[in-house]
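This report concerns only the one structure given below.
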Amino acid sequence: NLIWTLTVNQHGKGTPVVLIHGFLYALGLWVLNLDDLAKNRPVYAIDLFGKCCYIFFHRTFSSDAVEAKRQMVKSIEAWVTKVLGSKDLVLIGQSMGGVIVSAYALQHPERVSHLVLADLWGFPTEKANGNIPFWLKPIKFLTGLFNLLSALRLTERLGPKLSCKVYDYLSQKFSGAVEDAHDNISQYLYCCNAQSPT
């Protein structure tokens with residue numbers, strides 16, 4: 001499988017920076033950071049499997065959060081080895097991407113010169129997965145039947161309009177960098193998240 005990659009200043013001399021997005025995002029949301037980060041170094045923004053361009057690859061991740069995190073770390077290591085070889089790197093992870101790069105750094109500390117975590121959120125710990133109170137088990141079972149984004153997928157034609165409302169704060173943030181940011185950002189995020197998960 002291939003990992004969709006956006007590369008800026010590929011021949012820069014500094015330590016490469018690898019950007020990993022969060023759960024509801026894709027690599028395009030790093031657009032406001034790319035120029036500054038790439039002044040003296042190569043920058044790579046990659047899409048996690050299951051996002052955006054991966055609707056055709058059907059890569060299957062475990063439904064177990066801990067195993068899915070291990071699989072994502074393994075896919076990132078394969079990408080790092082192929083693209084960067086033995087170079088050290090700076091990892092920047094946002095939200096769930098921060099959890100994944102943290103796990104990567106723990107497994108491959110010799111590769112990571114710096115680790116930057118932004119708005120960290122993500123997978124439960126292994127211990128937390130096993131210690132669910134009895135009264136919460138039915139709720140966990142019911143919520144496990146559908147994905148967080150199921151409501152967005154069920155709305156079909158209304159999805160882009162709902163995305164405009166939900167992602168309005170992001171549209172404002174990107175108004176100077178993206179033409180017609182309100183429509184384009186919400187449409188981009190809708191397309192990234194409305195596909196069935198892989």
Please check: side-chain N/O of Arg41 versus main-chain N/O of Lys13, any donor-acceptor pairing under 3.5 Å?
no
Between NZ on residue Lys39 and CG on residue Asn9, distance to nearest 0.5 Å:
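If I round to the nearest 0.5 Å, the distance is 12.0 Å.
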Between CG of Leu117 and CD of Gln94, what distance do you get to the nearest 0.5 Å?
11.0 Å
What heavy-atom pair brings [X] and [Y] nearest, and what distance separates the two atoms?
{"X": "Ser113", "Y": "Thr15", "result": "OG-CG2, 3.7 Å"}
{"X": "Lys87", "Y": "Pro16", "result": "CD-CG, 4.1 Å"}
{"X": "Ala103", "Y": "Lys69", "result": "CB-CD, 4.0 Å"}

Out of Leu34, Val116, Val8, Leu91, which residue meets the side-chain contact (heavy atoms from CB on, under 4.5 Å) rule with Leu19?
Leu34
pair [X]-[Y]: side-chain heavy atoms closer than 4.5 Å:
{"X": "Ile20", "Y": "Met72", "result": "no"}
{"X": "Val101", "Y": "Ile92", "result": "no"}
{"X": "Leu6", "Y": "Trp30", "result": "no"}
{"X": "Trp79", "Y": "Val18", "result": "yes"}
{"X": "Pro42", "Y": "Thr7", "result": "no"}
{"X": "Gln107", "Y": "Lys74", "result": "no"}
{"X": "Leu89", "Y": "His108", "result": "no"}
{"X": "Thr5", "Y": "Val83", "result": "no"}

Determine whether the side chains of Ser75 and Gln71 contain a donor N or O and an acceptor N or O closer than 3.5 Å.
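No.
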CG (Asp35) with more than 12 external heavy atoms under 6.0 Å
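It does not: Asp35 CG has 12 such atoms or fewer within range.
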